[in-house]
Amino acid sequence: MRQEYLTVKSISGPLFYVQKTKDISYGEIAQIKLPSEELRLGQVLEVNKDVVLLQLFAGTSGANLNNSRVKFLGEGLKLPVSEDIQGRIFDGMGNPIDDAGQVIADKKLDIDGRPINPYSRSYPEEFIQTGISAIDAMNTLVRGQKLPIFSGSGLPHNRIAAQIARQAKVKGGKDDFCVIFAAMGITFEEAQYFISDFRKTGAIERAVLYLNLADDPAIERLATPKIALTAAEYLAFEKDYHVVVIMTNMTNYAEALREVSAARKEIPGRRGYPGYMYTDLATIYERAGKIKGKKGSITQIPILTMPNDDKTHPIPDLTGYITEGQIIVSRELEHNGIYPPVDVLPSLSRLKQKGIGEGKTREDHSAVTSQLFAAYAKGKQAKELAVILGEAALSDVDKKFSAFADKYEKEYVSQEEYEGRSIEESLDLAWELLKMLPKEELKRVKEEQIKKYMK
Amino acid sequence: MSSKKQEKGAITRIAGPVVGATGLKGVKMNEVVRVGKERLIGEVVELNEDNVSIQVYEETAGIKPGEPVEALGEPLSVSLGPGVIGSIYDGIQRPLDLVKEETGDFISRGVDIPALDVDKKWEFSSEIKKGDKVSTGTIVGAVPETVIIKHKVMVPPGISGRVEKISSGKYTVEDEIAVIKDDSGKKHSIKMAQRWPVRKKRPYGKKSPPEEPLISGQRVIDTFFPIAKGGTASIPGPFGSGKTVVQQQLAKWADADIIIYIGCGERGNEMTDVLTEFPELEDPHTGEPLMKRTVLIANTSNMPVAAREASIYTGTTIAEYFRDMGYKVALMADSTSRWAEALREMSGRLEEMPGEEGYPAYLASRVAEFYERGGRVKCLGGNREGSLSIIGAVSPPGGDLSDPMVKNTLRVVKVFWALDDDLASQRHFPAIHWLRSYSLYKDNIKDYMEKEIADNFMEIRDAAVSLLQKEESLEEIVRLVGVESLSSADRQVLDSAKMIREDFFQQHAFDPAETFTPIKQQYRMLNSIMLFYDKMIKEIEKGTDFEDVSVEGVREKIAKMKYIEAENLKEFDKLDEEIKKEITKSAGENTQKSGKDKEVKEETTKKSGKKSKPKEETKKIEDLEKEKRQKKVTDKIKKKKKNVDKVKEAEENSDSKTGNKKS
Ligand SMILES: Nc1ncnc2c1ncn2[C@@H]1O[C@H](COP(=O)(O)OP(=O)(O)O)[C@@H](O)[C@H]1O
Ligand SMILES: [Mg+2]
């Protein structure tokens, strides 16, 4: 029998200080029995000789000093996994909340995982077709990439993520993705939107859902992405699945991190977020990837909302410093009725280069999209100029670019929510649009390519 | 490693990567310790009576108070010797390929693997003989470490005397290859491997100012903002602006003998990228695979944060070691901000007084010390010169250059490559901003450039810079009143500046045809652009209108000159001839036309019956016209500024409205 401590010395925010402890290890999980007999889980954040600092996942309300009983379990948080977790729904701590009972575990894994040895990684380079031109052609996603969606409150990031999950496929391949969905602090409705979408397409059979909703304990959110990724690593690297992990909303995760840090009275970093947030986020995002000699892969699509649509806010900023690009959702495009309102210029896929071209997408992919980027950037500049000077003040060439930018948004970026464009369609459409521009302005494509593709 | 008695103590506290212990009597600052039952590697970072604080280089979960701590009597050190080149190490020099063999694809802790292969035999040939006098740094012999790197075995710092014994042959790094007897009669056994504490700079003779450029084949860098061999440079920028690509381009193409690439707290896949590419890519200077001159230090963002802090020192020490052999070494650290953050995290856990933004107060001096380890030096123990160039990426939060790490870095480095987010989002790469970047080595390397490349190298470069400067002020005007209101000469400035930006600065790193441009070609490219400008201005001065010269063919050739093969630089002679000829021709055709227009005007003013006016008079008229035009422009600007304000106001209003709606 493990010892029970009745020596809670102080409680502050989600934190417990327990004294007169013995033989407690850093990171260990504890079970706390409240005076009401309710059981809660906590994790050791710091150990001293005989004092332990605990963080309670479900908060401390209802706890008191005299008869809250603490029992340390001797190990970190572990997740039972097996292939049968597919099609199941769990809470944010990994407990089943559907009616299918406990998981019969193949094994139990430490949710913190271990860092992939950089030497063991294999470079992601298999093109994933999402059917969305703004992504496939412009900011290409590849298998094993971590590509977040930077959005704002009220913008259709969920619809975009669901569309990606629905349409994603590897060229020439069949639907072989398994989706792991980690919800952190999102509303019931938002979660329901994903669930019903997965149901409609049948993806639910292969999906695993971990749900920490808005009214669930905030601190539990800190465990949810780790739990989801532990399941993902198991399926990808032990069972050969290609896993897509959708994590939403990382902003809520970061808020929980800040809450714990504030309760510990740590020196706050920028805007109150802890100085170690970069490292903390990295231990989540870096769990995406591919490993040499293994068949499976983990592709991550984290979603976050930028407070005040500000890309330099610490949450998007630190995320962008870790992830392999970002898809930026723009309020302005949304106002102009563009769906998906992806602002392609500040968006980026760092792994695009190696995932496209001859044999992967098409030989002209790099050149033609480079031309689109340049032309759209120029067109937007012309449009800005027109706002100030009036359309008439633009040179003839600038007028063409300005018109191009409009058309590009309306016909290229914009598409139907249930429309999946093949990469060839996306590239052909690009050439079609470029016809609007004088040929001598097309500096980024080769003469032969113009001849071949601009029909 | 050391014969010192090993002290034992016990853990009292664990807070993430910082562990407290007692009972380690006589333990020194920065001494290496083994922590806990799993013998994790740590380093003493604070001493306070009997309490010792240790930063642990591995994950500490599961460790308990009371577990043992053992001091090893040696400061954190690296092993230096044959076998380092081509390796990939973590932040404390554990070979990641062997770690993988031992623990699998995910890194476990407590692994203890020597940095150098102790079984491998190397072909050592001595270069001195018995009886020779030697001292620190004297080269005793060499080993062909890779096809291109001759690894020179040096007398370790602090040892001098006469050679008692030395022999060539096949040896392991731990075998004795020589014996040196010092003045007191003490004998020192010399092996190919030596150890050196990472936090201490290796000794050298004398520093001197750098004089040669480190040529990277990156046009905007080499021609405009060069770094010298032995110099320091910094590349700050927000995420996605191109720091890593620039660093990797330098690692690939710089004309250094040895490259040390430190992935400090960044992405795992970026290291994989280097690991898969470098063995395949050919060094343009030697024709051998790039990996044969490269050492990688990979402590990615998800690896333990304390080892990230150490990785910078591990890399620098290895770099200094090769510098001491007389090599030109270049070190890239991506990103130094992650190192600073690691310092901050450790400092926070030690409960030190925080300075600016929570960084420890000693951040500035650590940064300065790091870059000070670069330089061009006279090596000890012989007549050789080595250099260490240091290039550090900085990742300021939100791209904000007032970040303490940016400030501390710019205070010490001599080159600043300013990355610009707008340029990056327009896909202008490398997104190094031409007006905000600088290099203080321009003067150092002037002689070299003028002697080796072209005697007007700097002249042309400076002329290009002033064009770009002028472009900026003109653009302000264009934004307000449109391009039509500019004079022909000004329009030519805009046109040529654009040429510099698009046809010279922009350089696609992933296009094999232009990823590397030899410096001579860079010169010819810029020379042609400036020739085009000069020619045009001459014609404009003669009265030709900017719009009337149409030389599309030449323009197209200028846009493609980056694809001219390095062996065919003669093509530039042809191009230059064509530029001159075509501009004159096109201008000639058009002046005839517009000359007629002028005649008509002139007749109405009844100034003179001659075909064209004396030069002076034309000039006066031009001046007058210019004045008029300028007045018009300023008036317009005033008016437009009001408009702009209105637009802005409107935007702000709608912003706040939508903000309300959505929140
Ligand atoms: N010289 C270049 N040529 C082509 N693309 C570039 C170049 N520099 C940067 N890029 C593009 O920008 C992306 C981000 O660059 P990177 O160096 O990773 O940025 P950072 O390290 O500043 O976050 C790259 O993935 C690549 O697509
Ligand atoms: Mg980078």
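If you're wondering where the values come from, they're calculated on a predicted model, not measured in any experiment. Below, chain A is the first sequence line, B the second, and so on; all start at residue 1.
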Inset, instruction - Against chain A, label B:Asp422 side chain, backbone, both or neither, depending on which of its atoms sit under 4.5 Å from a heavy atom there. - result: neither
Inset, instruction - Answer yes or no: is there an ion pair linking B:Asp273 with A:Lys354, defined by an N-O contact shorter than 4.0 Å? - result: yes
Inset, instruction - Would you check if there is a donor-acceptor pair between the side chains of B:Arg308 and A:Thr279 at a distance under 3.5 Å? - result: yes
Legend entry - chain B interface, residue from A:Leu351, A:Leu385, A:Leu318, A:Leu345 that has the most non-hydrogen pairs under 4.5 Å: A:Leu345
Inset, instruction - Mind ranking A:Glu46, A:Gln145, A:Glu286 by heavy-atom pairs under 4.5 Å with chain B and telling me who comes out on top? - result: A:Glu286
Inset, instruction - Quick one: pull up CG in A:Asn48 and CZ in B:Arg13 and give me the separation to the nearest 0.5 Å. - result: 5.5 Å
Inset, instruction - Using non-hydrogen atoms and a 4.5 Å limit, figure out which bit of A:Arg350 sits close to chain B: side chain, backbone, both or neither. - result: side chain
Legend entry - Between B:Pro354, B:Gly104, B:Ala10, the one whose heavy-atom pairs under 4.5 Å with chain A are most numerous: B:Pro354
Inset, instruction - Using non-hydrogen atoms and a 4.5 Å limit, figure out which bit of B:Ile88 sits close to chain A: side chain, backbone, both or neither. - result: side chain
Inset, instruction - Sort A:Ile24 into side chain, backbone, both or neither according to what part of it lies under 4.5 angstrom from a heavy atom of chain B. - result: backbone
Legend entry - Closest-packed option against chain B by number of heavy-atom pairs under 4.5 Å, given A:Glu440, A:Arg287, A:Glu28, A:Glu324: A:Glu324
Inset, instruction - Using a cut-off of under 4.5 Å on heavy-atom pairs, state which of A:Gly269, A:Gly113, A:Pro118, A:Pro314 scores highest against chain B. - result: A:Pro118
Inset, instruction - Against chain B, label A:Arg444 side chain, backbone, both or neither, depending on which of its atoms sit under 4.5 Å from a heavy atom there. - result: side chain
Inset, instruction - Below 4.5 Å from any heavy atom of chain B, which atoms of A:Thr21 appear? Answer side chain, backbone, both or neither. - result: neither
Inset, instruction - Examine whether an atom of A:Leu348 lies under 4.5 Å from a heavy atom of chain B, and if so say whether it belongs to the side chain, the backbone or both; otherwise answer neither. - result: both
Legend entry - Contacting region of B:Thr12 [heavy-atom separation from chain A under 4.5 Å]: both
Legend entry - Region of B:Arg338 in contact with chain A, defined by heavy-atom distances below 4.5 Å: side chain
Legend entry - Part of B:His508 lying under 4.5 Å from any heavy atom of chain A: side chain
Legend entry - Region of B:Gln426 that comes under 4.5 Å of a non-hydrogen atom in chain A: both
Legend entry - More than 12 heavy atoms of other groups within 6.0 Å of B:Lys560 NZ: no
Inset, instruction - Report yes or no: is the cationic atom of B:Arg344 (NZ for Lys, CZ for Arg) under 6.0 Å from the centre of the six-membered ring of A:Tyr276, at an angle within 45° of the ring normal? - result: no
Legend entry - Per-residue contact mode, A:Gln326 against chain B (heavy atom under 4.5 angstrom): side chain
Inset, instruction - With a 4.5 angstrom heavy-atom cut-off, could you sort out which part of A:Val344 is near chain B: side chain, backbone, both or neither? - result: backbone
Inset, instruction - Name the member of B:Glu59, B:Arg109, B:Arg267, B:Glu502 that forms the most heavy-atom pairs with chain A at distances under 4.5 Å. - result: B:Arg267
Legend entry - Inter-residue atom distance B:Thr272.OG1 - A:Tyr119.OH, 0.5 Å rounding: 11.0 Å
Legend entry - chain A contact via B:Leu96 - side chain, backbone, both or neither, heavy atoms under 4.5 Å: both
Legend entry - Region of A:Phe237 in contact with chain B, defined by heavy-atom distances below 4.5 Å: side chain
Inset, instruction - Examine the side chains of A:Gln381 and B:Arg479 and answer whether a donor and an acceptor come within less than 3.5 Å of each other. - result: no
Legend entry - Portion of B:Gln506 that has a non-hydrogen atom of chain A nearer than 4.5 angstrom: side chain
Legend entry - Candidate pair B:Phe106 and A:Asn117, rule side-chain contact (heavy atoms from CB on, under 4.5 Å), full reasoning: CA-CA 5 Å; B:Phe106 295 86; A:Asn117 186 331; over 6 Å; no
Legend entry - Proximity breakdown for B:Pro396 and chain A, heavy-atom pairs closer than 4.5 Å: both
Legend entry - Structural part of A:Tyr278 lying under 4.5 Å from a heavy atom of chain B: side chain
Legend entry - Heavy-atom proximity to chain A below 4.5 Å, by part of B:Thr244: neither
Legend entry - CA sep, side-chain torsions, deciding dist, call: A:Ile291, B:Asp105, side-chain contact (heavy atoms from CB on, under 4.5 Å): CA-CA 7 Å; A:Ile291 290 179; B:Asp105 295 321; 3.3 Å; yes
Legend entry - Atom group of A:Ser370 that falls short of 4.5 Å from chain B, counting heavy atoms: neither
Legend entry - Region of A:Lys380 in contact with chain B, defined by heavy-atom distances below 4.5 Å: neither
Inset, instruction - Output all residues satisfying ring-ring contact (aromatic ring centres under 6.0 Å, His included) with A:Phe373, sequence neighbours left out; order by chain, then residue number. - result: none
Legend entry - Choice from A:Lys49, A:Glu332, A:His313, A:Lys22 maximising heavy atom contacts with chain B below 4.5 Å: A:Lys49
Legend entry - Verdict with supporting geometry, B:Ile107 and A:Arg114, side-chain contact (heavy atoms from CB on, under 4.5 Å): CA-CA 6 Å; B:Ile107 298 177; A:Arg114 287 185 284 140; 5.8 Å; no
Inset, instruction - Can you tell which part of A:Lys443 gets under 4.5 Å to a heavy atom of chain B, answering side chain, backbone, both or neither? - result: side chain
Legend entry - Cation-pi, B:Phe239 ring and A:Lys311 (6.0 angstrom, 45 degrees): yes
Inset, instruction - Pick one of side chain, backbone, both or neither for A:Pro316, based on which atoms fall under 4.5 Å of a heavy atom in chain B. - result: backbone
Legend entry - For chain B, the option from A:Gly27, A:Ala282, A:Ala377, A:Gly320 that forms the most heavy-atom pairs under 4.5 Å: A:Gly320
Legend entry - Distance (rounded to the nearest 0.5 Å) between B:Met303 CE and A:Thr283 OG1: 13.5 Å
Inset, instruction - Hey, could you give me the OG1/CG distance between A:Thr312 and B:Asp421, rounded to the nearest 0.5 Å? - result: 10.0 Å
